[in-house]
Amino acid sequence: MSVRVRFAPSPTGPLHIGGVRTALFNYLFAKKNNGKLILRIEDTDQTRYVEGAENYIVEALQWVGIEFDESVQKGGIYAPYRQSDRKNIYSEQINFLLKNKKAYYAFDTPEELEQMRIHLQESKTPVQHYNFITRDKMKNSFTLSDEDVKQKITSGEPYVVRFDMPANKEVIMNDLIRGEIKVNSSTLDDKILFKSDGLPTYHLANIVDDHLMEITHVIRGEEWLPSLPLHILLYDAFGWNPPEFAHLPLILKPNGKGKLSKRDGDQGGFPVFPIEWIDPSTNEKSTGYREYGYLPQAVVNMLALLGWNPGTEQEIFSISELSELFDILKVQKAGAKFDPKKTKWFNQQHLKKLDTNALAEIYNKDLKTKNIDAKFDFVAKVVDLVKDRAVFASDLWDLSNYFFIPPENYDEKAVKKFWKDDTLDIIRHLHSLFSGYNDFTSNTIENNVKVWIEQNQLSFGKVLNPLRILLVGNTIGPHLFDIIELLGKEETLKRISKGIKKFS
RNA sequence: GGCCCGGUCGUCUAACGGUUAGGACGUCAGAUUUUCAUUCUGGUAAUCGGGGUUCGAUUCCCCGUCGGGCUGCCA
C-alpha cells in the first residue's frame with residue numbers, strides 16, 4: 001500500500017511555525033516514501049472561522065516549499081478537501097455509530113454541563129468526566145426513554161451525539177516515535193462527536209476523513225496524544241483499520257516553559273509565523289520569517305533539525321537532501337526549545353550558499369523599493385563583496401548602502417579616533433595620487449599606495465582609516481581597495497574632495 | 001485534581017550495555033586583517049535524584065522529582 005499522509009490545519013488564524021514543522025515532517029515522510037501529501041482544511045468550528053486564514057496557510061506553505069499532491073486548490077479523487085464541504089458524509093457516518101450503539105444522543109445544556117463539572121470538582125472525584133458513571137445523572141439516551149429522545153429530536157430540541165466510551169478497557173496503542181502506550185478507557189470520557197450545529201467535532205471528522213482518504217500515517221503534534229485512545233476506539237467502532245500514528249514533540253518557548261506562542265516572538269524579537277499576518281479584526285500586524293529576511297530554505301533546515309537529525313554531523317541541508325534522509329523513527333521524543341540565535345545562523349549559512357546573482361536579484365528588488373536604480377552588474381559586484389558578512393538579505397543595505405549613496409556624515413567616533421592634525425595633508429596627497437592613476441583596479445592602487453606609504457614613512461592605519469571614513473562614512477566594510485575599484489575613479493575623487501572641503 | 005508523554009553541556013543533539021560522553025549554536029580567549037565582519041585555532045560546559053538488573057549502565061526496570069501536553073458542543 002502506498003504511503004498517504006495529510007496535513008490538516010484549522011483556518012482559525014495564521015499558521016504557527018510549529019504547524020509549519022508538522023507540515024514539513026509530513027512532506028518529508030511522503031517524499032522519502034514516494035507517497036502522497038494531502039492538504040485538508042479542518043473548518044468544522046464555524047465560530048472560530050477567521051477571514052483569510054485558509055489563504056494564508058496555502059501561501060505560507062508554498063513559500064517554504066511544501067507542495068501538496070491533493071488539496072482544495074489542486075483537487076484529487078478524494079475531494080472535497082474542505083471539511084465544511086463534507087457535511088453529509090459525517091451525518092451518514094454518525095448515524096452508523098448511533099445505529100450500532102457506539103454513540104448516543106445527549107440533550108444537556110451548556111449550563112447543565114458546567115454544573116456537572118463544578119459538582120465533580122467539589123466532590124474531588126478522581127476522574128472528572130462525562131462518562132459511564134456520570135451520564136446516568138444527565139439528559140441522554142441512557143436516562144431518557146426512546147420515545148422521549150425521539151420526541152425531543154423531532155421537536156427540534158438541540159442535541160449532540162456522544163461516543164459511548166466503554167468502561168475498564170485496556171487500550172493498547174502504538175506510536176512510531178514513542179512505542180507502545182496503554183490507557184484504561186475508564187479514565188476517558190464520552191466525547192462529543194457531533195455538535196448541535198450539525199457539524200462533527202475534530203474527533204469524528206478526522207477519523208472519517210483519514211479513513212475515506214486512505215491515509216496510511218497520521219503525523220501530528222504531541223498535543224493530540226491524549227485523544228489517541230479515543231481515535232483508536234473510534235476506528236474500532238467503525239470496524240476500520242487505523243493508520244499508523246506518529247506524535248511529534250512540541251516546539252517550546254526559548255526558556256522552555258510551555259508551547260511557543262505569538263507572545264514569545266513579540267518579546268524575543270523573532271517571528272513565529274512563516275509570513276506576515278494582519279489580524280482582520282484588530283489590524284494588528286505580525287511580521288513573518290519571509291518579511292524578516294529569512295530564506296525559506298533556512299527556515300526548513302532549522303525546523304527539520306528541531307526534533308530530528310540524521311545521526312551524522314552534517315547540519316546544513318537542502319529540502320531535497322532532507323527528503324532523502326528523513327526517518328520518522330529518529331524523531332526526538334522530548335520537546336525542543338526554539339533557539340532564535342541558531343535560527344539566524346542557519347540563515348547565514350544558507351545565504352552564503354546562495355550564488356551571488358541570486359542574492360543580487362533579491363537585493364536589487366530591495367534597492368528598487370528605495371528608489372535606487374543601479375546596474376545589475378554593479379549590484380552583483382557589491383553583493384559579492386559584502387555577502388559574507390550578512391546574516392539576512394535585508395542586512396545587505398546596511399552593509400553596502402555607501403556604494404549607492406555617498407556618505408552625508410562621518411561617524412563621530414571614527415573621526416575622533418582617526419582624524420589627526422596631519423590627516424588633511426595626507427588625504428590631499430592621496431587625491432593627487434589617485435588623479436594620476438589610469439589603471440584603477442584594486443591591486444594596482446593598493447600596490448601604489450603601499451609604496452607611497454612606505455616612502456613617506458607613514459603607517460597603514462594612519463592613511464587608510466581616514467580615507468575609508470571619507471569613502472564609506474565609517475571604519476567598517478570590506479577591503480578598502482576593492483571598495484575604491486568598485487566606486488571608480490570619478491566617484492572616489494569626488495568623495496575625497498568633499499571630505500577635504502569638510503575638514504578644511 | 002486525573003490521564004498521558006518526556007528529562008545528555010545554557011540551547012539543538014550524537015553515543016550495538018563497554019567512548020577521555022562526540023558535534024553544532026552560544027559564550028570566552030587567541031590568530032589573521034588598515035577597520036568592521038568573515039575565517040581559522042583553542043577553551044568552557046552535560047548524562048535530574050535514589051534504588052535495582054548486570055562483570056559493567058547515558059542506555060534496561062521501579063520509585064521519586066522536575067518539565068510539558070490534554071482534561072470544551074476548539075482544533
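Lettering follows sequence order; numbering is per chain, from 1. What you see is a predicted model, and the numbers here were worked out from it, not measured in a lab.
In this structure, the ring of A/F194 has its center no less than 6.0 angstrom from the ring center of A/Y90. For A/W308 and A/F326, the ring centers sit closer than 6.0 Å to each other. The aromatic ring centres of A/F434 and A/Y437 sit less than 6.0 Å apart.
In this structure, A/N184 places its CG atom 16 Å from P of B/rG2, rounding to the nearest Å. Protein atom CZ of A/R220 is 15 Å distant from nucleotide atom P of B/rC5, rounded to whole Å. Rounded to whole Å, atom P of B/rA37 lies 14 Å from atom OH of A/Y402. Residue A/M165 contributes atom CE, which lies 15 Å from atom P of B/rC3 at whole-angstrom precision. In this structure, A/R178 atom CZ and B/rG7 atom P are separated by 9 Å, rounded to whole Å. Separating the CD1 atom of A/I41 from the C1' atom of B/rA75 is a distance of 13 Å, rounded to the nearest angstrom. Rounded to an integer number of Å, the gap from CG of A/L120 to P of B/rC3 is 15 Å. For the pair A/E180 CD and B/rG6 P, the interatomic distance rounds to 12 Å; values are reported in whole Å.
With C1' as the reference atom, B/rC48 and B/rU65 are 7 Å apart, rounded to whole Å. Taking the P atom of each, B/rG10 and B/rG69 are spaced 22 Å apart, rounded to whole Å. Nucleotides B/rA37 and B/rG30 place their P atoms 14 Å apart, quoted to the nearest Å. The separation of B/rU58 from B/rU47, taken at their C1' atoms, amounts to 5 Å, rounded to a whole angstrom. Separation of the C1' atoms belonging to B/rC9 and B/rG72 is 41 Å when rounded to the nearest angstrom. Of the P atoms belonging to B/rG67 and B/rU8, the separation is 14 Å, rounded to the nearest Å. Going from the P atom of B/rC36 to that of B/rU44 covers 27 Å, rounded to whole Å. Annotation: B/rA31 and B/rC12 have their P atoms spaced 34 Å apart (nearest Å).
Using a 4.0 Å heavy-atom criterion, one finds that A/G221 contacts no nucleic acid atom at all. A/L199 comes within 4.0 angstrom of no nucleic acid atom, judged by non-hydrogen atoms across all strands. Residue-level contact check: A/P478 touches the bases, meaning some heavy atom is under 4.0 Å from a base atom. As judged by a 4.0 angstrom heavy-atom cut-off over every strand, A/T475 is placed among the base-contacting residues. Note on A/L480: a base of the nucleic acid sits closer than 4.0 angstrom, heavy atoms only. Among the atoms of the strands shown, only primed sugar atoms or phosphate atoms (P, OP1, OP2) are found under 4.0 Å from some heavy atom of A/Q332.
Distances from the side chain of A/V127 to the nucleotides B/rC12, B/rU34, B/rG2 place B/rG2 closest. Distance from the side chain of A/L306 is smallest to B/rC12 among B/rG2, B/rU38, B/rC12. Side chain of A/N309, nearest nucleotide from B/rG23, B/rU34, B/rA14: B/rA14. Nearest to the side chain of A/T44, among B/rA14, B/rA75, B/rA24, sits B/rA75. The side chain of A/Q348 approaches B/rU38 more closely than any other nucleotide in the set B/rC25, B/rU38, B/rU11.
Judged by the 6.0 Å distance and 45° axis criteria, A/R21 is positioned over the aromatic ring of A/F25. Both the sub-6.0 Å distance and the 45° axial angle are not jointly satisfied by A/R40 relative to the ring of A/F7.
For A/K352 and A/E313, each mapped to the nucleotide of RNA chain B holding its nearest heavy atom, the one lying further toward the 5' end belongs to A/E313. Positionally, the nearest nucleotide of RNA chain B for A/P126 lies more toward the 5' end than for the other of A/P126 and A/F418.
Side-chain contact check for A/T187 and A/N184: no donor-acceptor pair (N or O, by modelled atom type) lies under 3.5 Å. Under the 3.5 Å distance criterion, with hydrogens and angles disregarded, a donor-acceptor pair is assigned to the side chains of A/Y104 and A/D190.
Look at A/K330 and A/D327 and you find no salt bridge, because none of the NZ, NE, NH1 or NH2 atoms lies under 4.0 Å from a carboxylate O.
Judged by Watson-Crick or G-U wobble contacts below 3.5 Å, the nucleotide B/rG1 has B/rU71 as its partner. Look at B/rU11: its Watson-Crick or wobble partner, with both distances under 3.5 angstrom, is B/rA24. B/rA29 is paired with B/rU41 under the Watson-Crick or G-U wobble criterion, all donor-acceptor distances under 3.5 Å. Pairing partner, B/rU58: none, since no Watson-Crick or wobble contact has both distances short of 3.5 Å.
Counting heavy atoms from C-beta on, the side chains of A/P254 and A/L260 come closer than 4.5 Å.
A donor-acceptor contact under 3.5 Å is formed by the side chain of A/R468 with the base of B/rU35.
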Pair A/R82-A/D85, salt bridge (charged side-chain N to carboxylate O under 4.0 Å, His left out): steps then yes or no: CA-CA 5 Å; A/R82 195 186 281 121; A/D85 294 333; 3.2 Å; yes
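Checking the phosphate oxygens (OP1, OP2) of B/rA75, no side-chain nitrogen or oxygen of A/Q83 falls inside 4.0 Å.
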For nucleotides 70-73 of chain B, give me every protein contact, N/O to N/O, under 3.5 Å, one pair per line with atom names.
from, atom 1, to, atom 2, distance (Å)
B/rC70, OP1, A/K259, NZ, 3.3
B/rU71, O2', A/H129, NE2, 3.0
B/rC73, OP2, A/R117, NH2, 3.1
B/rC73, O2, A/S196, N, 2.7
B/rC73, O2, A/S196, OG, 2.6
B/rC73, N3, A/S196, OG, 3.0
B/rC73, N4, A/D108, O, 3.2

